[in-house]
Chemist: 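Take a look at the following structure, please.
Lettering of chains follows the sequences in order, A, B, ..., and the numbering in each one begins at 1.
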2 protein chains.
Amino acid sequence: MATIREVAKEAGVSVATVSRVMNGSGYAHEDTRKVVMAAVEKLNYKPNEVARSLYNRKSKLVGLILPDITNPFFPEMARGVEDYLQQFGYRLIFGNSDEKRDKEIEYIDTFLQNNVVGMIASTSEEANENFDNLEIPVVLLDRTAEKLPAVYSDQKTGGRLAARVLLDRGSTNIVLIRGPVEIKPVYERYTAALEELTQAKVNVQVMDSSLTLQGGQSCVRQLFEQYPNTDGIIACNDIVAAAALQEILKRGIRIPEDIQLIGYDDIAFTALLHPPLSTIRQPAYEMGAQAAEMLIRKINQEKIAETHKKLPVSFVERQTTRRKVEKP
Amino acid sequence: MATIREVAKEAGVSVATVSRVMNGSGYAHEDTRKVVMAAVEKLNYKPNEVARSLYNRKSKLVGLILPDITNPFFPEMARGVEDYLQQFGYRLIFGNSDEKRDKEIEYIDTFLQNNVVGMIASTSEEANENFDNLEIPVVLLDRTAEKLPAVYSDQKTGGRLAARVLLDRGSTNIVLIRGPVEIKPVYERYTAALEELTQAKVNVQVMDSSLTLQGGQSCVRQLFEQYPNTDGIIACNDIVAAAALQEILKRGIRIPEDIQLIGYDDIAFTALLHPPLSTIRQPAYEMGAQAAEMLIRKINQEKIAETHKKLPVSFVERQTTRRKVEKP
DNA sequence: ATGAAAGCGCTAACAT
DNA sequence: ATGTTAGCGCTTTCAT
């Protein structure tokens with residue numbers, strides 16, 4: 001790798017001049033600019049970002065912390081972030097936290113040690129304090145906190161919507177599968193759904209599940225033993241919904257005739273399920289992109305109109321819910 | 001962020017001493033070691049990785065290039081890489097290439113500018129030359145090249161296996177869906193399957209598809225129009241297989257009685273499909289982990305027994321293939 | 001318009 | 001056993 005020194009020598013100028021033309025800062029005669037660029041070209045010079053970062057006290061790196069990219073909801077977000085940042089020459093240092101506080105802290109620390117310009121994170125509630133007195137901008141993604149800017153989706157409406165859908169389409173014995181209560185967005189959608197359900201005069205049962213395949217499967221197996229006449233299930237996410245769907249099919253229960261099922265997230269494969277899964281869509285890619293946009297705004301010290309950006313969710317009607325019965 | 005200077009001052013020693021105790025290099029009296037550590041503790045000192053990296057000419061960063069983490073096969077690998085590297089204090093700079101050469105090059109360049117210690121990449125064939133005269137170790141993942149160490153899986157056996165499965169279970173009008181020919185592992189599994197199929201006296205048709213959902217869907221729609229009496233489909237990956245499954249169900253074709261279907265990869269959601277998809281499993285997580293292990297070996301200049309590590313694939317028998325007919 | 005030189009935070013000779 | 005100092009590659013005053 002060529003250094004600025006070698007370029008300077010090649011061009012017969014000083015390193016300061018090379019630096020100036022590279023950065024378009026300060027003066028540089030058109031002629032010398034050309035000479036320098038020729039040398040840059042010839043030596044295929046690429047500035048050492050580490051050295052720049054050391055001097056400037058900030059790199060072109062952005063730290064990204066996500067719970068687990070093995071859950072398809074998150075890669076979607078990650079791509080939103082990456083694709084947006086990429087245009088501005090920022091790169092991503094990435095880490096999965098598994099919702100573990102110490103992993104988050106570890107990543108935050110090392111990101112800082114690497115002079116990241118900013119961070120985007122989906123962190124657990126309790127870890128937020130770790131972001132408290134950082135000098136660099138942080139934006140929360142899919143999570144919120146009072147003091148930190150955030151991009152997230154409307155969980156409350158999402159939860160309510162899911163409940164409304166089943167209600168409007170005639171389910172009366174509904175099981176609401178609650179995800180881990182520590183994960184705020186998941187808890188919020190649950191609360192909202194429960195509220196909506198409770199207001200209706202309908203049988204509601206709550207069951208717990210993790211957000212994973214295994215968790216969903218074991219939850220759902222019990223579900224039908226405990227509540228055999230269930231005619232509606234609201235799952236905490238699409239993965240769990242998929243597990244439920246499988247169990248429903250296995251038991252020969254007709255869907256959506258005998259039972260309705262709705263998921264949450266609208267990850268890609270839900271459309272491929274059989275029957276295709278009705279679900280509440282979160283605009284994951286868009287959320288990632290907007291978080292990235294907000295971060296860049298922060299980095300550039302631009303004014304930000306709304307620091308808490310709540311994106312809308314929507315009901316994606318597929319075939320695990322019935323057609324809505326119009327009132328006459 | 002505290003600097004080494006401040007720690008030195010706090011401890012009443014020189015920066016060199018602090019550096020020595022931090023790195024466990026050179027001498028340091030036990031007493032002063034304690035004093036220094038106390039100061040480190042007090043100021044919550046974390047060495048600036050950028051400065052270390054500048055001096056050492058190498059960071060604790062590893063570059064990872066994957067085609068697209070939106071395809072569930074890759075996050076699995078990514079976690080394998082991350083989880084393994086993490087134990088050794090390495091962090092990941094990450095980029096999706098979308099199989100585009102210029103994106104790969106761009107990422108390689110910026111990774112280099114950031115003094116990465118090494119790189120792991122699933123790159124397109126033609127981009128390999130970009131790795132040619134790098135001073136840092138590179139290991140290819142899921143892809144291969146002669147001059148570069150690599151961890152990948154046995155595509156040839158995988159492709160053959162897929163063909164064998166359908167053959168042994170009685171399919172005689174088989175459509176082989178070929179993925180993009182530029183992607184070598186995908187092409188290899190195709191060739192192997194085709195070879196096996198051709199040797200058997202069986203009708204074989206080849207169709208093309210991209211590796212995505214949309215690609216799969218449009219391919220599969222045509223498939224049944226062109227070859228209505230197909231009784232076996234070998235898909236280039238699980239996503240396309242899922243699309244095929246959906247089309248099969250939509251057309252009311254019985255599976256596996258009337259038609260058999262086999263995917264490739266064994267990504268998580270295949271088990272959730274209905275019926276659960278039979279597929280060829282690649283040990284994605286393991287591949288990632290082993291690539292990471294090999295990279296670390298390289299970084300540490302250890303001898304490496306085999307630089308081309310081919311991991312075995314296996315047939316995961318689920319319900320889109322029939323029970324094998326044992327010969328009497 | 002250009003160059004010399006200091007300094008970003010750290011490590012490793014080298015000196016003591 | 002510890003301190004002084006040069007230097008990693010860059011940017012930016014400050015001279016000229």
Side-chain angles (χ1 to χ4, degrees), chain A residues 1-37 39-40 43-61 89 109-117 135-136, chain B residues 1-37 39-40 43-61 89 109-117 135-136:
Chain A
M1 282 249 126
T3 72
I4 199 173
R5 265 199 144 69
E6 311 180 53
V7 176
K9 187 191 263 182
E10 174 72 29
V13 297
S14 76
V15 294
T17 302
V18 176
S19 175
R20 276 190 289 257
V21 342
M22 285 301 288
N23 297 296
S25 59
Y27 301 91
H29 191 86
E30 181 54 23
D31 294 349
T32 68
R33 211 193 59 77
K34 275 185 188 144
V35 179
V36 169
M37 287 317 286
V40 166
L43 302 180
N44 188 28
Y45 170 68
K46 303 260 175 14
N48 181 326
E49 275 303 325
V50 176
R52 307 189 69 200
S53 168
L54 180 59
Y55 183 89
N56 296 323
R57 271 100 162 276
K58 52 181 52 174
S59 67
K60 292 291 265 180
L61 263 22
D109 278 347
T110 57
F111 289 176
L112 255 22
Q113 290 178 272
N114 282 286
N115 279 6
V116 295
V117 257
E135 314 92 57
I136 57 164
Chain B
M1 281 248 130
T3 72
I4 199 173
R5 266 201 144 70
E6 309 180 54
V7 176
K9 186 190 264 183
E10 174 72 29
V13 298
S14 75
V15 294
T17 302
V18 176
S19 176
R20 275 190 290 258
V21 343
M22 287 299 290
N23 297 295
S25 60
Y27 301 91
H29 191 85
E30 180 56 23
D31 293 349
T32 67
R33 210 191 61 77
K34 275 184 188 143
V35 179
V36 170
M37 286 317 286
V40 166
L43 303 180
N44 188 29
Y45 169 67
K46 303 261 174 16
N48 180 327
E49 274 303 325
V50 176
R52 308 187 69 198
S53 169
L54 181 59
Y55 182 90
N56 296 322
R57 272 98 163 279
K58 53 181 53 175
S59 67
K60 292 291 264 179
L61 262 22
D109 278 347
T110 56
F111 289 176
L112 255 22
Q113 290 178 279
N114 282 285
N115 278 9
V116 295
V117 259
E135 314 92 56
I136 58 165

Chemist: Could you list where the contact with chain A starts and ends along DNA chain D, reading 5' to 3', using a 4.0 Å heavy-atom cut-off?
Modeler: D:dG9 to D:dT12
Chemist: Mind checking what makes side chain to side chain donor-acceptor pair (under 3.5 Å) contact with B:Arg33, not counting sequence neighbours?
Modeler: B:Glu30
Chemist: How would you label the contact of A:Thr32 with the nucleic acid (heavy atoms, under 4.0 Å): base, sugar-phosphate, or nothing?
Modeler: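 Sugar-phosphate contact only - A:Thr32 comes under 4.0 Å of backbone atoms but never of a base.
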Chemist: Which residues satisfy the side-chain contact (heavy atoms from CB on, under 4.5 Å) test with B:Glu49, sequence neighbours excluded?
Modeler: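 Scan of B:Glu49 (side-chain contact (heavy atoms from CB on, under 4.5 Å), adjacent residues dropped) gives A:Gln113, A:Asn114, B:Arg52, B:Lys60.
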Chemist: Sequence neighbours left out, what passes salt bridge (charged side-chain N to carboxylate O under 4.0 Å, His left out) with B:Lys9? Give chain and number order.
Modeler: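 So B:Lys9 forms no salt bridge (charged side-chain N to carboxylate O under 4.0 Å, His left out) with any residue.
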Chemist: Are any of A:Thr17's side-chain N or O atoms less than 4.0 Å away from OP1 or OP2 of C:dT2?
Modeler: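 The answer is no; no side-chain N or O of A:Thr17 sits under 4.0 Å from OP1 or OP2.
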Chemist: Strictly under 4.0 angstrom, non-hydrogen atoms only: write out the protein contact profile of nucleotides 7-16 of chain C, one letter per nucleotide from the 5' end, B, S or -.
Modeler: BBBSBB----
Chemist: Among all residues two or more places apart in sequence or in another chain, which pass the side chain to side chain donor-acceptor pair (under 3.5 Å) test with B:Asn48?
Modeler: none
Chemist: Note the angle between the end axes of the helix from C:dA1-D:dT16 to C:dT16-D:dA1, five pairs defining each, rounded to 10 degrees.
Modeler: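 One end axis against the other gives 50°.
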Chemist: I'd like to check the side chain to side chain donor-acceptor pair (under 3.5 Å) partners of B:Thr3; sequence neighbours left out, ordered by chain and number.
Modeler: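 Testing B:Thr3 for side chain to side chain donor-acceptor pair (under 3.5 Å), a comparison that skips the adjacent residues, returns none.
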Chemist: Got a sec, which residues hit side-chain contact (heavy atoms from CB on, under 4.5 Å) with A:Ala11, two or more places apart in sequence or on another chain?
Modeler: A:Val13, A:Val35, A:Val36, A:Ala39
Chemist: Drop me the distance from B:Leu61's CG to A:Thr110's OG1, to the nearest 0.5 angstrom.
Modeler: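 That separation rounds to 8.5 Å.
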Chemist: Identify which one of B:His29, B:Lys34, B:Met37 satisfies the side-chain contact (heavy atoms from CB on, under 4.5 Å) criterion when paired with B:Val21.
Modeler: B:Met37
Chemist: Apply side chain to side chain donor-acceptor pair (under 3.5 Å) to B:Ser59 and list each qualifying residue two or more places apart in sequence or on a separate chain.
Modeler: none
Chemist: If the condition is side-chain contact (heavy atoms from CB on, under 4.5 Å), which residues does A:Arg57 pass it with, not counting sequence neighbours?
Modeler: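 side-chain contact (heavy atoms from CB on, under 4.5 Å) list for A:Arg57, sorted by chain: empty.
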